[in-house]
Amino acid sequence: MLWRKLLVPLASLLLLTAAAGAGAAAPAASAGAGAATARAAAPAPATASATATAAAAAAADYGAPGPYATAVEVGAVTTLYYPRDIASSDRRHPVIVWGNGTFAFPVVYRDLLLHWASHGFVVAAANTPQSNPGISMRAGIDLLSRRDADPGSPFHDAVDLEHIGASGHSQGGAAAIVVGADPRIDTVLPIQPGPLADIDGVDVPAFLMAGQRDSIVLPFLVRAFYDDADHIPAVYGELRGADHFTVVGAPGPFAAPTTAWFRAHLMGDGAARAQFLGPGCGICADGGTWSDVRRNALASR
């Protein structure tokens, strides 16, 4: 579309200017070691009453650090954020592949990626500042596939390659949609995604996040992806007061909903699922956090 082509040069210029002033990411919050989560499974239909499910969703604090201490491994193409005791874990850990915004690197989003790792995910973050093609994100899956198969690797038999999500910010959000067409991906979570992607190629559930005060990727651009996603379960969430760089450094209001979405789709967490899907929809009733929430018919069942 013409508006997509016109937006790219402007967005790139604004991203470069803002990134120069953003500075280094804040130190990551620590997380204590804890028990391993159960092996990831596709979320099953809820069997508890709607009231009990809603209560469980309200009680869960997905914005708090998870039970795992975390570690980081910086490679040439991929930076891994993962549970520190993964070598001794008796569970396999689901995967999230990450794409950065324009001119950004994983360290800019360190707090968010470590937060996911503290909840038991292995995060493979592409080291490229130009992530839109999705090549480096797919390389992260390939890397973890090799590590999981290598008896000499601490990741051996510890990576759940059957449950993989894709996420990213800005240009990386568009990359998450691009990578979402890969048959290995089970869900996508684009954060303020840039325009160069086609969600018609995605066949898995999508949570599209916008910022109410985002002046770079305007909310209506994210809603356009949501409107096109009528063939898959899709949720649109616009965070009240958030601008394009709220997710940078300490992730603030992005930590809880992103963690809940991935726990729902990659770990079979029923309470997390109730935040978005089915008749309850916890975020639909949370006007303090969200300025706009929309769900299509496939997400409302």
Side-chain angles (χ1 to χ4, degrees), residues 1-15 95-104 109 124-126 128-142 163-211 214-239 244 247 254 257-258 261-262 264-266 276-277 292-300:
M1 294 182 180
L2 178 61
W3 62 264
R4 291 186 174 183
K5 294 179 180 178
L6 292 175
L7 179 66
V8 175
L10 175 60
S12 297
L13 177 61
L14 290 171
L15 282 166
V95 175
I96 302 171
V97 292
W98 172 265
N100 309 302
T102 306
F103 304 120
Y109 306 99
T128 176
Q130 300 290 339
S131 56
N132 210 143
I135 297 170
S136 296
M137 292 172 70
R138 291 188 181 96
I141 302 176
D142 297 337
H163 295 88
I164 303 175
S167 187
H169 174 238
S170 197
Q171 183 182 153
I177 297 172
V178 171
V179 174
D182 190 307
R184 296 174 292 182
I185 299 297
D186 296 290
T187 186
V188 298
L189 199 166
I191 299 173
Q192 298 159 302
L196 297 181
D198 183 1
I199 204 164
D200 288 337
V202 176
D203 291 321
V204 295
F207 181 26
L208 296 142
M209 298 190 71
D214 192 340
S215 59
I216 295 177
V217 177
L218 302 173
F220 84 88
L221 301 177
V222 184
R223 287 197 301 271
F225 281 122
Y226 166 78
D227 291 339
D228 285 344
D230 56 359
H231 61 295
I232 56 176
V235 179
Y236 169 80
E238 183 181 292
L239 279 169
H244 195 67
V247 71
F254 286 90
T258 58
W261 181 266
F262 282 129
H265 289 86
L266 304 180
F276 310 95
L277 306 174
D292 190 1
V293 174
R294 306 182 187 197
R295 302 186 303 158
N296 67 13
L298 294 175
S300 301

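We number each residue from 1, following the sequence as shown. These numbers were taken from a predicted model, which means no experiment stands behind them.
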Within the side chain of [X], is there an N or O that forms a donor-acceptor pair under 3.5 Å with the backbone of [Y]?
X: Tyr226; Y: Arg295; result: yes
X: Gln171; Y: Ser131; result: yes
X: Asp186; Y: Ile164; result: yes
X: Asp203; Y: Ile232; result: no
X: Tyr236; Y: Asn296; result: no
X: Glu238; Y: Ala210; result: no

Check whether any side-chain heavy atom of [X] lies under 4.5 Å from a side-chain heavy atom of [Y], and answer yes or no.
X: Ile199; Y: Leu208; result: yes
X: Asn132; Y: Thr102; result: no
X: Arg184; Y: Asp142; result: yes
X: Val202; Y: Ile185; result: no

Calculate, to the nearest 0.5 Å, the distance between atoms [atom1] and [atom2] belonging to [X] and [Y] respectively.
X: Arg223; Y: Asp292; atom1: CZ; atom2: CG; result: 6.0 Å
X: Thr128; Y: Met137; atom1: OG1; atom2: CE; result: 11.0 Å
X: Phe207; Y: Ile191; atom1: CZ; atom2: CD1; result: 9.0 Å
X: Asp228; Y: Asp200; atom1: CG; atom2: CG; result: 5.5 Å
X: Leu189; Y: Phe254; atom1: CG; atom2: CZ; result: 10.0 Å
X: Asp198; Y: Ile177; atom1: CG; atom2: CD1; result: 9.0 Å

Report task. Please work out whether the ring planes of Phe276 and Trp261 are parallel, tilted or perpendicular, with thresholds of 30° and 60°. Result -> perpendicular

Query raised in the report: Aromatic rings Tyr109 and His169: how do their planes relate, parallel, tilted or perpendicular, breaks at 30° and 60°?
Result: perpendicular

Taking every non-hydrogen atom, the tightest pair across [X] and [Y]:
X: Ser167; Y: Phe262; answer: CB-CZ, 3.8 Å
X: Pro190; Y: Gly173; answer: CB-O, 3.4 Å
X: Met209; Y: Pro193; answer: O-CD, 3.9 Å
X: Gly180; Y: Val188; answer: CA-CG1, 3.6 Å
X: Gly168; Y: Ala176; answer: N-CB, 4.1 Å
X: Asn100; Y: Ala126; answer: ND2-O, 2.7 Å

Report task. Apply salt bridge (charged side-chain N to carboxylate O under 4.0 Å, His left out) to Asp227 and Arg294, showing your working. Result -> CA-CA 10 Å; Asp227 291 339; Arg294 306 182 187 197; 5.1 Å; no

Query - Step-by-step side-chain contact (heavy atoms from CB on, under 4.5 Å) determination, Leu277 to Val235 - result: CA-CA 8 Å; Leu277 306 174; Val235 179; 4.3 Å; yes

Query raised in the report: Does a sphere of radius 6.0 Å around CG in Leu298 hold more than 12 heavy atoms from other residues, nucleotides or ligands, not counting ones at 6.0 Å or beyond?
Result: yes

